[in-house]
Amino acid sequence: MPGQKVETGHQDTVHDVAMDYYGKRLATASSDHTIKIIGVSIAASQHLATLTGHQGPVWQVAWAHPKFGSLLASCSYDGRVILWKEGNQNEWTQAHVFDEHKSSVNSVAWAPHELGLCLACGSSDGNISVFTARADGGWDTSRIDQAHPVGVTSVSWAPSTAPGALVSGGLLDPVQKLCSGGCDNTVKVWKLNNGLWKMDCFPAFQMHTDWV
């Protein structure tokens with residue numbers, strides 16, 4: 001299959017691109033403060049929507065699993081994480097704004113859908129926040145304070161099934177585990193135990209001599 005050039009319409013650097021669950025749409029994040037939704041097919045690409053609301057460069061975008069509806073998370077230099085929800089086709093609104101961080105939010109990642117609607121965010125303030133949707137429409141927040149004191153650059157979830165299991169047997173509680181990279185040159189692994197996030201590997205992985 002030949003490569004396909006996609007004209008995003010952005011006016012500045014594109015920092016991230018994420019394809020939706022069905023491979024039909026792209027979301028792009030840019031220094032021009034906007035997010036673009038682009039429809040893609042074998043033959044062509046089509047601009048579908050421009051999402052505006054961030055006050056700084058947008059670093060990353062992440063689609064939620066479609067079982068939760070058409071939801072997109074974005075994070076920005078402005079310190080905010082915005083959840084975007086599609087109502088009517090290609091009509092997006094800000095469903096929620098998280099502004100708990102005091103500096104740039106550099107990475108967002110949705111947990112495996114078996115864990116519910118759960119979003120991890122890593123920030124230059126050194127902290128990781130994990131937001132979990134409640135049945136009443138509100139959000140619970142847990143934090144890993146000073147996960148990487150000089151700044152968190154990336155977060156990523158492990159599968160929720162028990163290690164070594166190809167499929168969940170339904171007998172064990174799902175595992176909540178994530179890893180993070182930071183400006184302290186380390187990678188750390190975290191696990192949720194009794195409502196508290198604790199490091200799961202000691203010591204931190206120190207394989208790099210500069211930012212992860």
Side-chain angles (χ1 to χ4, degrees), residues 1-99 101 104-124 128-131 133 152-160 178-181 212:
M1 178 180 171
Q4 180 181 334
K5 186 176 181 180
V6 176
E7 292 294 346
T8 66
H10 283 298
Q11 304 300 310
D12 207 335
T13 304
V14 177
H15 295 288
D16 193 34
V17 59
M19 187 170 277
D20 75 354
Y21 183 82
Y22 300 107
K24 301 289 189 184
R25 295 184 294 180
L26 301 175
T28 59
S30 171
S31 274
D32 67 9
H33 303 187
T34 73
I35 296 144
K36 303 280 188 182
I37 308 295
I38 300 164
V40 289
S41 65
I42 294 173
S45 60
Q46 177 188 13
H47 176 266
L48 301 176
T50 298
L51 312 186
T52 58
H54 281 296
Q55 303 300 312
V58 186
W59 300 132
Q60 212 169 66
V61 284
W63 296 90
H65 191 279
K67 71 183 274 188
F68 303 111
S70 193
L71 270 180
L72 184 74
S74 62
C75 62
S76 168
Y77 181 80
D78 65 12
R80 297 189 302 162
V81 173
I82 300 179
L83 289 193
W84 308 87
K85 185 175 181 64
E86 186 182 27
N88 295 327
Q89 190 172 15
N90 301 324
E91 292 182 5
W92 294 82
T93 57
Q94 294 184 24
H96 199 84
V97 178
F98 301 108
D99 52 10
H101 290 285
S104 176
V105 181
N106 303 316
S107 184
V108 285
W110 291 104
H113 65 86
E114 299 91 345
L115 300 176
L117 192 60
C118 184
L119 184 71
C121 313
S123 170
S124 290
I128 296 169
S129 54
V130 181
F131 303 108
V152 183
T153 54
S154 59
V155 287
S156 178
W157 289 85
S160 63
L178 56 83
C179 64
S180 60
V212 179

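- One finds the NZ atom of Lys24 at 10.5 Å from the CE atom of Met19 (value rounded to the nearest 0.5 Å).
- Gln4 places a side-chain N or O within donor-acceptor distance of the main-chain N or O of Ala44, the cut-off being under 3.5 Å.
- Listed by chain and residue number, Arg25, Glu86 satisfy the side-chain hydrogen bond (donor to acceptor under 3.5 Å, both in side chains) test with Ser70 (two or more places apart in sequence, or in another chain).
- When all heavy atoms of Ala73 and Val108 are compared, the closest pair comes out as O-CG2, 4.2 Å.
- Counting only residues at least two apart or in different chains, salt bridge (charged side-chain N to carboxylate O under 4.0 Å, His left out) contacts with residues 56-69 are absent.
- Partners of Ala64 by side-chain contact (heavy atoms from CB on, under 4.5 Å), not counting sequence neighbours, listed by chain and number: Leu71, Trp110, Leu117.
- Distance check: Ser129 OG to Phe98 CZ gives 8.0 Å after rounding to the nearest 0.5 Å.
- Taking Ser156 as the reference, Cys179 meet the side-chain contact (heavy atoms from CB on, under 4.5 Å) condition, with sequence neighbours excluded.
- How far CG of Asp20 is from CD1 of Ile38: 12.0 Å, rounded to the nearest 0.5 Å.
- Residues passing the ring pair (Phe, Tyr, Trp, His ring centres under 6.0 Å) test with Tyr77: none are found, sequence neighbours excluded.
- Taking the side-chain contact (heavy atoms from CB on, under 4.5 Å) definition, one finds that Ala158 meets it with Lys177, sequence neighbours left out.
- At least one side-chain heavy atom of Leu178 sits less than 4.5 Å from a side-chain heavy atom of Val130.
- For Gln11, there are no side-chain hydrogen bond (donor to acceptor under 3.5 Å, both in side chains) partners, not counting sequence neighbours.
- In this structure a side-chain-to-backbone donor-acceptor pair under 3.5 Å is present from Asp16 to Val61.
- Separation of atoms OG1 (Thr8) and CD1 (Ile35) is listed at 13.0 Å; rounding is to 0.5 Å.
- Shortest non-hydrogen contact noted between Ala120 and Trp157 is CB-NE1, 3.5 Å.
- Partners of Gln55 by side-chain contact (heavy atoms from CB on, under 4.5 Å), not counting sequence neighbours, listed by chain and number: Asp78, Arg80.
- For Trp59, the ring pair (Phe, Tyr, Trp, His ring centres under 6.0 Å) partners two or more places apart in sequence, or in a different chain, are His15.
- Among all heavy-atom pairs drawn from Ser107 and Thr153, the shortest one is CB-O, 3.6 Å.
- For the side-chain hydrogen bond (donor to acceptor under 3.5 Å, both in side chains) test, residues two or more places apart in sequence or in another chain that qualify with Thr34 are His10, Asp32.
- Closest approach of Asn106 and Ser124 over heavy atoms only: ND2-OG, 3.0 Å.
- Of all heavy-atom pairs spanning Val152 and Ser180, the tightest one is CG1-CB, 4.3 Å.
- Screening residues 16-48 for ring-ring contact (aromatic ring centres under 6.0 Å, His included), with sequence neighbours left out, gives Tyr21-His65.
- Of all heavy-atom pairs spanning Asp12 and Ser30, the tightest one is O-OG, 3.3 Å.
- Distance CG/Leu83 to CG/Leu119: 6.5 Å, rounded to 0.5 Å.
- The line from CH2 of Trp92 to CG of Leu48 is 9.5 Å long, rounded to the nearest 0.5 Å.
- Residues Leu51 and Leu72 meet the side-chain proximity criterion, which asks for heavy atoms closer than 4.5 Å.
- In this structure Ser123 satisfies the side-chain hydrogen bond (donor to acceptor under 3.5 Å, both in side chains) test together with Asp125, sequence neighbours excluded.
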